[in-house]
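Everything on this sheet refers to the single structure shown next.
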Number of protein chains: 2
Amino acid sequence: MAHGSARPTSRDVAQAAGVSQAAVSLVLGDKWRGRVSEATAERVRQAARELGYRPNLAARNLRLGHTRTVLLVVPALTTEFFAGVYTGAARVAAQHGFGVVLYPSPEGIGPARDPFASAQAALDGVIASSMAADALTAIRGDQLPLVMLDSDPAGSLGAATVNLDITDGVRQVAAHLLNLGHRRILHLAADIASWTFDVRARELAARIGEVPGTSLLTVSAPISIEGALTAAATALSAKGPRPTAIVCDDDKLAAGAYKAVRRLGLRIPDDISVTGLDDLALATAIDPELTTVRLDAELFGERGMQALLAVLEGREPEAGDIPVELVVRGSTAPPRAP
Amino acid sequence: MAHGSARPTSRDVAQAAGVSQAAVSLVLGDKWRGRVSEATAERVRQAARELGYRPNLAARNLRLGHTRTVLLVVPALTTEFFAGVYTGAARVAAQHGFGVVLYPSPEGIGPARDPFASAQAALDGVIASSMAADALTAIRGDQLPLVMLDSDPAGSLGAATVNLDITDGVRQVAAHLLNLGHRRILHLAADIASWTFDVRARELAARIGEVPGTSLLTVSAPISIEGALTAAATALSAKGPRPTAIVCDDDKLAAGAYKAVRRLGLRIPDDISVTGLDDLALATAIDPELTTVRLDAELFGERGMQALLAVLEGREPEAGDIPVELVVRGSTAPPRAP
DNA sequence: TGAAGGACGTTATACGTAAAACTTCAGCGG
DNA sequence: CCGCTGAAGTTTTACGTATAACGTCCTTCA
């Protein structure tokens, strides 16, 4: 501390406490039992407090060879869902002394060649959510421990995967609607090529196909209220018998479907039932409240982080998809008698 | 690279290219003009590519004395708003070679004593949004360059501040409602002690107070649809003349107000007008669409990051609040004739 | 009494990088 | 033919930390 402006180092603390730098490291690193007397330890802590000492993380990371920091790659941050994933991951991380850096992958953020350019932090591992395959291989090339969220287990190049049981969610939605008596169903799908949406389409088609006399029409739309409104309105005003239920790939699309239905002068659920998927705040804000599949985003993030910790420690990540739950609200009802 | 598992270092690259480690650093750091021949430079680049070399950020940060990483402290991540702030900040950061680490401050995340424990990353600066004063002083104690978002300029202890012009937004809301003829107004306020909400209350009271014959009733609620529903329903069913308009501190509260109004068998905007603040996706999902104040969250984040960059470079941050815009939609109309 | 250990430290070193300071050598003008 | 300059590198050092390896004493017990 020759001139007062620089941040104090452990050596400054040592000098102030009249001990060696090693002693400071020992005391502050809580490894001093039987190596330093209680009195000296207290003197060191005192000096550190007075100088406002904070260890230089860069130096520590260099010395230790790891950073206790992981990267969370998400497709976007525009809904609460991935915010929840982050929150869950960060919570578990913090419990284990880790930090989480976020990288929202798509357009916009900088020279997005690869996540690591933007995330300046040195990383111990990566959690990647709903990632495209090319970006995946870029990460794999880095040899970093990797956990994939919401991704095709078959195509993950051996990386650990953690998934929500979307298939079961769609199964529950289909069963619910079929039980109510719906036979003509419109699938309002997201226009994004991604495993998580493929699963929805596949499972829905399979379940509907099991029941004789059913029909399934699929239209896709960008994931936005406006986009969904347009697509749904077009599909609903086509000639021929009108669907009695709309299954949406997520809640935002469902909100658009609501507006399309209303614009055509129809009512939910009397004329048309609507279901979503996510259970965002949106789902209970709209009227009637939306029947949807609740995804526990935070648990998802927690499990993702736990899996990554397992990989880092050489353990086997916990297997098994995360259960989801159909939440029946006011947007679904039996279809009118024909 | 004695054994193949470890990550290659610049020394490994040097050996592979038949040069010294310094030459590698020069070439890869793009500082080799006039120091290394083009042929040698190419050989180095080639070797780096083949080994999959990535510089060790911890070592670089230690050497350079800075990390090009800043911390963004947000109160929560539960709405798109702060997600937008992050996105904007991260975009500008990336353009300048910086990374952004997120710290959602409140409950939940780890042993939240101070942001830095969780954010393992070594930091060059901090952007703190809507922060409580005690946490602020903890950060100030660290002597880190700091920019405050959405905070009282007077109480920021000399740190730079960047604010949305909330005052003007509330002014526009009040003018809009008063112009329509509303005289009995209910203020549905957030039950959080924070400068940003104080400003709303103060400005609304001032504007309403200017017009003779007006009344303003304030109730506060937790920022959730459920909480707002309860508070608004109670306030609306009190005896005495009913308010003709509800001004909400944000869009989520407005969504709760919608439900309260509907539960009482009233209609929006015929019986009661409602306004929000934020312009989340929620605002156009509900029916009728919400008249609200549009906050440009991304621009907010960008300006915050720009201000921090200015501080880091010793420049004066750009002054002036960020303009906001009243978006008039279907939730406001003139009050019924009494 | 003397050797063994514990208590309480210190000294020295390595992590991987960036860059300042140094070396070597060819070419060239005077 | 000498000294100078510039090109093309190399050697060395420092960043701040954690910890292995190494001293001292002082006590204790055979």
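Note on naming: letters A, B, ... go to the chains in the order of the sequence lines (proteins, then strands), and numbering restarts at 1 for each one. All heavy atoms count here, side chains included; hydrogens, waters and symmetry mates do not. Predicted model only: the values in this text are computed from it and were never measured.
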For DNA chain D, whose closest nucleotide is more 5', that of B:L26 or that of B:A59? B:L26
Of the candidate nucleotides C:dG16, D:dG16, C:dT11, which contains the atom at the shortest distance from the side chain of A:A22? C:dT11
Residue from B:T67, B:T69, B:N61 passing side-chain hydrogen bond (donor to acceptor under 3.5 Å, both in side chains) with B:D124: B:T67
Between D:dT11, D:dC15, C:dG9, spot the one nearest the side chain of B:L62, thanks. D:dC15
On DNA chain C, check which nucleotide each of A:R11 and B:S25 is closest to and give me the residue with the more 5' one. A:R11
Separation of C:dT13 P from A:Q21 CD (nearest whole Å): 14 Å
Find the distance B:R54:CZ to C:dT17:C1' and express it as a whole number of Å. 17 Å
Rounded interatomic separation in angstrom, taking CD from B:Q15 and P from D:dT11: 13 Å
Could you tell me whether B:S37 contacts a base, only the sugar-phosphate backbone, or nothing, with contacts defined as non-hydrogen atoms closer than 4.0 Å? sugar-phosphate
Atom-pair distance (CZ on A:R35; P on C:dT10), nearest Å: 11 Å
With heavy atoms under 4.0 Å as the rule, sort B:V19 into base, sugar-phosphate or nothing. sugar-phosphate
Find the distance B:K31:NZ to D:dA8:P and express it as a whole number of Å. 19 Å
Classify the side-chain pair A:E50/A:Q46 by whether it contains a donor and acceptor separated by less than 3.5 Å. yes
As a test of reading the structure: which of D:dT17, C:dG9, C:dT17 is closest to the side chain of A:S10, going by heavy atoms? D:dT17
Describe the nucleic acid contact of A:G34 in one word from base, sugar-phosphate, nothing, applying a heavy-atom distance below 4.0 Å. base
